[in-house]
Protein chains: 2
Amino acid sequence: MARTRGASFDQQRAAIIEAAARLFAARSFAGTSTAQIAAAAGVSKPLLYHYYRDKEALLFDIADGYMDRLLALVAAASSQGLAPEAHFRALLRAFMAEYRTSQDKHMVLVQDVKFLSSERHAAVVAKQRAVVDAVAAAIGRLKPRFTRRALRVPLAMILFGMINWTFTWLRPDGPLAYEDMAEVVTELFLNGVLPAPLVQAAPRPRAKAAAPAPAGRSAERRLAK
Amino acid sequence: MARTRGASFDQQRAAIIEAAARLFAARSFAGTSTAQIAAAAGVSKPLLYHYYRDKEALLFDIADGYMDRLLALVAAASSQGLAPEAHFRALLRAFMAEYRTSQDKHMVLVQDVKFLSSERHAAVVAKQRAVVDAVAAAIGRLKPRFTRRALRVPLAMILFGMINWTFTWLRPDGPLAYEDMAEVVTELFLNGVLPAPLVQAAPRPRAKAAAPAPAGRSAERRLAK
DNA sequence: CCTACCGATCGGTAGG
DNA sequence: CCTACCGATCGGTAGG
């Protein structure tokens with residue numbers, strides 16, 4: 001049969017990207033040499049430069065491609081016509097499922113986008129902002145009062161903090177499953193945000209009574225200012 | 001008056017560490033040259049090597065010193081004899097107050113500890129674990145059932161996610177104050193964790209009724225397994 | 001405490 | 001005369 005030049009091309013390209021993501025995640029973009037990437041991918045350095053014009057092109061391909069995956073995931077969740085809370089739950093499940101198999105790319109995105117040229121950096125940041133805005137909008141639908149960006153975006157960033165920080169401690173083969181993390185975070189966030197305005201002392205049955213927060217210190221009011 | 005050699009020594013050393021933390025945060029440890037650090041600190045490269053034996057010693061001084069600050073902050077909160085919830089609130093206030101002025105060190109700790117030698121890396125990680133354990137213990141006291149590490153530590157990491165992720169988006173001169181972040185996170189976490197076992201459908205008044213989570217999918221049960 | 005350097009290794013590309 | 005690659009080495013710069 002005919003020589004599958006295309007297949008080999010794609011396979012080598014995939015091997016290079018995978019090796020680069022792994023090495024960038026472990027030693028950072030600046031701490032990884034192109035010779036190390038080529039060796040890890042099983043190709044010569046000139047061949048690596050045949051596929052990518054320079055080291056930065058590798059980084060951009062990793063970061064931009066990963067953002068495309070996250071954007072597709074956000075779009076898929078939105079296209080299902082779910083009710084607000086079901087939509088929110090679906091989003092978190094989708095994110096954690098993606099994170100489980102994308103730890104390297106996740107780390108590269110967090111720590112190495114700063115090495116991109118300003119144009120490429122701006123392109124990746126724009127996609128990040130689109131993902132954040134989509135999640136912020138989903139949060140806004142959970143609770144009608146969360147309509148202002150000043151309130152929704154910080155809550156979205158707090159939510160992303162909970163799940164994105166997993167790259168520092170959660171392991172795919174560890175005792176806590178990624179899908180369980182999605183559920184814990186979902187419940188914590190919904191319980192934390194839905195029942196009462198933030199900070200205002202909600203009536204909660206507790207053994208030790210805490211001093212009710214003064215109304216003037218309402219964080220929600222501060223966020224909305 | 002006598003030449004204040006000691007003062008100059010400490011000042012130069014502080015200038016070097018500050019410059020190093022700023023550059024490491026911006027371009028990472030591997031992407032920063034010692035010449036850049038020396039220039040930013042206003043000293044010659046040989047003088048920099050008079051204070052620090054190599055580049056890694058700078059990194060260790062930043063990371064280890066910052067962990068000492070966080071440990072001191074945790075110890076100070078514990079020494080006040082506060083009730084569980086007040087103790088928890090005090091901890092978050094103290095962390096966010098520290099983070100507000102330690103953005104560079106915070107980023108260096110997150111992204112560059114991996115460049116430390118294994119001994120120094122282990123020393124920093126041990127201090128990080130001590131901080132996490134202290135916060136996990138404080139969470140355990142909030143709710144007596146959170147007594148097992150399998151439950152407390154993931155919740156502590158979720159909490160650290162919320163506040164540590166701020167280094168990617170929260171700015172000291174931005175519209176949202178760090179002290180307000182502390183309050184929002186405190187309320188979100190307490191509301192999210194205290195009232196009901198995680199995941200089990202709690203009776204909440206909502207417009208749109210969501211499907212109650214099946215009992216078998218209780219995240220708390222999974223965490224505790 | 002500076003100028004002047006070193007062994008090595010960097011990212012990227014030459015000839016064939 | 002293409003493409004897809006290799007072994008070898010380029011000019012500059014890193015940490016020290």
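A note on names: the letters A, B, ... follow the listed sequences, proteins ahead of strands, and every chain is numbered from 1.
Within residues 17-46 of chain A, the residues that have a heavy atom under 4.0 Å from DNA chain D are, in order of number, A:S44, A:P46. Using a 4.0 Å cut-off on heavy atoms, none of the residues of residues 109-119 of chain B approach DNA chain C.
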- With side-chain contact (heavy atoms from CB on, under 4.5 Å) as the test, would you mind laying out the steps for A:L92 and A:L159 before giving the verdict? CA-CA 9 Å; A:L92 275 180; A:L159 181 67; 4.1 Å; yes

- Query: Passes side-chain contact (heavy atoms from CB on, under 4.5 Å), B:F189 versus B:I163? Steps please.
  - Reply: CA-CA 11 Å; B:F189 192 84; B:I163 63 174; over 6 Å; no

- Query: Does the pair A:K114 and B:R27 meet the rule for a side-chain contact (heavy atoms from CB on, under 4.5 Å), with working shown?
  - Reply: CA-CA 7 Å; A:K114 57 169 163 276; B:R27 309 123 106 96; 5.8 Å; no

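By the 4.5 Å heavy-atom criterion applied to side chains, A:Q128 and A:L109 are counted as neighbours.
In this structure, A:K55 places its NZ atom 7 Å from P of C:dG12, rounding to the nearest Å. The OH atom of A:Y51 sits 14 Å away from the C1' atom of D:dC6 (whole-angstrom rounding). Atom-to-atom, CG of A:L47 to P of D:dC5 comes out at 5 Å; the value is rounded to the nearest Å. Regarding A:R53, its CZ atom lies at a distance of 13 Å from the C1' atom of C:dT13, rounded to whole Å. What separates CG of B:L58 from P of D:dG15 is a distance of 11 Å, to the nearest Å. Taking atom CG of A:D54 as the reference point, atom P of C:dG12 lies 5 Å away to the nearest angstrom.
The pair B:R93-B:E98 does not count as a salt bridge, with every side-chain nitrogen at least 4.0 angstrom from each carboxylate oxygen. Classification of B:R89 and B:E187 as a salt-bridged pair holds, one side-chain N sitting under 4.0 Å from a carboxylate O.
Looking at B:I62, B:L58, B:L23 one by one, the single match for side-chain contact (heavy atoms from CB on, under 4.5 Å) with B:V108 turns out to be B:I62.
Going from the P atom of C:dA4 to that of D:dG16 covers 22 Å, rounded to whole Å. Nucleotides C:dG12 and D:dA8, compared at atom C1', are 13 Å apart to the nearest Å.
The distance between the ring centers of B:Y99 and B:F167 does not fall below 6.0 angstrom.
Among the protein residues, A:Y52 comes within range of no part of the nucleic acid, since none of its heavy atoms lies under 4.0 Å from any strand.
Residue A:Y49 places at least one side-chain N or O under 4.0 Å from the OP1 or OP2 atom of C:dG12.
Ring pair B:H106/B:Y66 is tilted by interplanar angle, where 30° to 60° counts as tilted.
Closest to the side chain of A:Q12, from the set D:dC5, C:dG12, D:dG15, is D:dC5.
Within 6.0 Å of CZ in B:R171 there are more than 12 heavy atoms belonging to other residues, nucleotides or ligands.
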- Query: With Watson-Crick and G-U wobble geometry limited to distances under 3.5 Å, how should the secondary structure of DNA chain C be encoded in dot-bracket form, using | for bases paired to another strand and [ ] for crossing pairs?
  - Reply: ....||.|.||.|.|.

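Judged by the 6.0 Å and 45° rule, A:R13 forms no cation-pi pair with A:Y51.
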